[in-house]
Amino acid sequence: MPGIWETNMNFSQRSRSLLKTIAVVLALALPTALAISSADARVGGGMSSGSRGSRTYSAPPSTTTAPGSTSQFNRTYTQPGAGMNSTTTAPARGGLFGRGGGFLGGLAAGFLGAGLLGMLFGGGLFGGLGGLSSILGLIIQIVLVVFVVRLAMSWWQRRHTPQAAYANADAASGPGPQTSYRSGLGGFGFGANNAPLEIKPVDYEAFERLLGDVQTAWSNEDVAKLHTLATPEMVSYFEQDLGQNRARNVVNKVTNVKLLQGDLAEAWREGETDYATVALRFALTDKTLDRNTGAVVAGSEQPGEVTEVWTFARRPGGAWELSAIQQTN
């Protein structure tokens with residue numbers, strides 16, 4: 001009989017040790033996983049970066065290609081000033097519920113990690129549910145917390161979509177979306193060209209060409225080439241992202257870029273600078289490789305689709321340059 005008790009006690013100790021190990025691993029890993037779950041490796045890092053002149057803090061009109069709202073800029077040199085909606089301020093990188101996790105995203109991740117550590121030391125994830133000490137109970141509690149946190153964050157984002165902040169923008173910030181018609185030129189639908197600045201077929205060809213050239217220069221880490229394709233501001237962001245990749249000893253390769261659909265959101269002129277904001281839906285193969293071995297560490301060989309809103313700028317006598325990339329919601 002004592003042998004049976006000793007066996008049960010040893011089994012119980014092994015179970016508790018396994019449970020503690022799982023709790024520690026999850027407590028350390030989940031905050032990081034939640035923080036990077038929305039990260040993208042492609043050019044721009046899956047963030048909204050750059051400037052749209054005086055319309056940097058005004059939402060681009062929705063289009064057929066991008067019918068939803070666009071994210072506010074995570075990175076921009078432009079500060080709110082004359083001619084802009086002063087009630088809308090530039091968000092800090094990541095924002096409250098930003099793609100980078102933000103304050104409440106990190107708080108939720110920290111709460112979950114703390115709860116798991118609480119289970120480790122006998123306090124339980126919710127105190128009152130401390131009786132759930134089995135592995136099944138642990139998994140159920142983790143799933144419940146993640147589900148509730150994500151549901152609350154999703155609800156809050158819908159209630160505080162960027163369009164609400166843009167609702168009071170100056171009516172002079174631009175016309176509504178132009179009527180779009182499908183055409184055979186590179187997937188672009190030409191608008192009615194009733195914007196203050198007329199965008200012609202040759203301009204659409206330039207936008208499509210830039211879409212591919214920027215991705216190629218990014219994949220080749222060719223900063224000199226990027227300087228000929230994008231504004232100095234955008235190139236500064238690309239250099240930051242490329243530096244982070246080098247620090248991690250990886251390289252991002254974006255290939256097989258093909259425009260599937262695109263249309264003009266708005267076009268205007270500020271002083272001597274022309275601006276055109278275009279919604280783009282394109283296919284690409286996005287993968288991140290180890291620099292030493294060439295092994296795929298993120299992404300895959302399988303092609304995917306992305307919808308983004310790109311803004312291009314052109315000065316007198318110059319070519320169009322990439323001025324901003326915005327993510328769609």
**Asked** What distance do Arg248 atom CZ and Arg291 atom CZ have between them, rounded to the nearest 0.5 Å?
**Response** 10.0 Å
**Prompt:** What closest approach, in Å, do Asn329 and Ser71 show between heavy atoms, and which atom pair accounts for it?
**Reply:** OD1-OG, 3.0 Å
**Asked** Are the side chain of Glu233 and the backbone N or O of Tyr77 linked by a donor-acceptor pair below 3.5 Å?
**Response** yes
**Prompt:** Going through the checks in order, is the side chain to side chain contact (heavy atoms under 4.5 Å, CB included) test met by Leu210 and Leu322?
**Reply:** CA-CA 8 Å; Leu210 279 168; Leu322 175 62; 5.7 Å; no
**Prompt:** Of Ser51, Ser49, Ser236, which meets side chain to side chain donor-acceptor pair (under 3.5 Å) against Arg75?
**Reply:** Ser49
**Prompt:** Which distance, rounded to the nearest 0.5 Å, do you find between the CG of Asp203 and the CG of Asp274?
**Reply:** 8.5 Å
**Prompt:** Of the non-hydrogen atoms in Glu270 and Ser54, which two are nearest, and what is the gap between them?
**Reply:** OE2-OG, 2.6 Å
**Closest contact, heavy atoms only, Ser300 versus Thr285** = O-CG2, 3.5 Å
**Asked** Taking Asn252 as the fixed residue, which of Asn245, Asp241, Leu242 is the one that meets the side chain to side chain contact (heavy atoms under 4.5 Å, CB included) rule?
**Response** Asn245
**Request:** Kindly indicate whether the side chain of Asn74, heavy atoms from C-beta on, has any atom under 4.5 Å from the side chain of Gln327.
**Result:** no
**Message:** Go through it in stages, so that I can follow the logic: the residues are Phe238 and Val43, the test is side chain to side chain contact (heavy atoms under 4.5 Å, CB included), and I'd like the CA-CA distance, side-chain angles, deciding distance and then a yes or no.
**Reply:** CA-CA 7 Å; Phe238 296 154; Val43 61; 3.4 Å; yes
**Asked** Atom OG1 of Thr76 and atom CZ of Arg52: how far apart are they, to the nearest 0.5 Å?
**Response** 10.5 Å
**Message:** Please check: side-chain N/O of Arg55 versus main-chain N/O of Ser58, any donor-acceptor pairing under 3.5 Å?
**Reply:** no
**Request:** Give the minimum heavy-atom separation between Gln326 and Pro60, together with the two atoms involved.
**Result:** OE1-CG, 3.5 Å
**Message:** Hydrophobic cluster membership, with links at side-chain heavy-atom distances under 4.5 Å among I/L/V/M/F/W/Y: are Tyr204 and Phe312 in one?
**Reply:** yes
**Donor-acceptor contact present, side-chain Tyr57 to main-chain Phe73, <3.5 Å** = no
**Message:** Determine whether a donor-acceptor pair (N or O, by modelled atom type, separation under 3.5 Å) exists between the side chain of Arg315 and the backbone of Thr273.
**Reply:** no
**Request:** Mind telling me whether Tyr275 and Trp268 have parallel, tilted or perpendicular rings, with 30° and 60° as the class edges?
**Result:** parallel
**Request:** List the steps, then state whether side chain to side chain contact (heavy atoms under 4.5 Å, CB included) holds for Arg42 with Leu284.
**Result:** CA-CA 9 Å; Arg42 64 181 182 275; Leu284 78 170; 4.2 Å; yes
**Message:** Starting from Val251 and following side-chain heavy-atom contacts under 4.5 Å between hydrophobic residues (I, L, V, M, F, W, Y), which residues can be reached?
**Reply:** Leu289, Val296
**Request:** For residues 279-299, pull every pair meeting ring-ring contact (aromatic ring centres under 6.0 Å, His included), keeping only residues two or more places apart or in separate chains.
**Result:** none
**Closest approach of Ala217 to Leu226 (non-hydrogen atoms, all atoms of both residues)** = CB-CD2, 3.6 Å
**Short side-chain to backbone donor-acceptor contact, Thr328 and Thr307, under 3.5 Å** = yes
**Request:** Using atom types as modelled and distance alone, determine if a side-chain donor or acceptor of Asp286 lies under 3.5 Å from a backbone N or O of Val254.
**Result:** no
**Request:** Drop me the distance from Gln72's CD to Thr56's OG1, to the nearest 0.5 angstrom.
**Result:** 11.5 Å
**Request:** Could you tell me whether Glu301 and Lys287 make a salt bridge, using a distance below 4.0 angstrom between a side-chain N and a carboxylate O?
**Result:** yes
**Message:** Hydrophobic clusters here meaning ILVMFWY residues chained together by side-chain heavy-atom distances under 4.5 Å, can you tell me if Val309 and Leu260 are in one?
**Reply:** no
**Spacing of CD belonging to Glu266 relative to OG1 belonging to Thr63, to within rounding of 0.5 Å** = 11.0 Å
**Asked** Do side-chain atoms of Asp263 reach the backbone of Thr65 as a donor and acceptor pair under 3.5 angstrom?
**Response** yes
**Message:** Testing the basics here: between Gly212 and Val257, what is the closest heavy-atom pair and its distance to 0.1 Å?
**Reply:** CA-CG1, 4.5 Å
**Prompt:** Would you say the side chain of Lys225 lies within less than 4.5 Å of the side chain of Thr216, judging by non-hydrogen atoms?
**Reply:** no
**Separation between CD of Glu308 and OG1 of Thr70, rounded to the nearest 0.5 Å** = 12.0 Å
**Message:** If you apply the rule side chain to side chain contact (heavy atoms under 4.5 Å, CB included), what do you find for Leu259 with Phe207, and how did you get there?
**Reply:** CA-CA 10 Å; Leu259 179 67; Phe207 301 155; over 6 Å; no
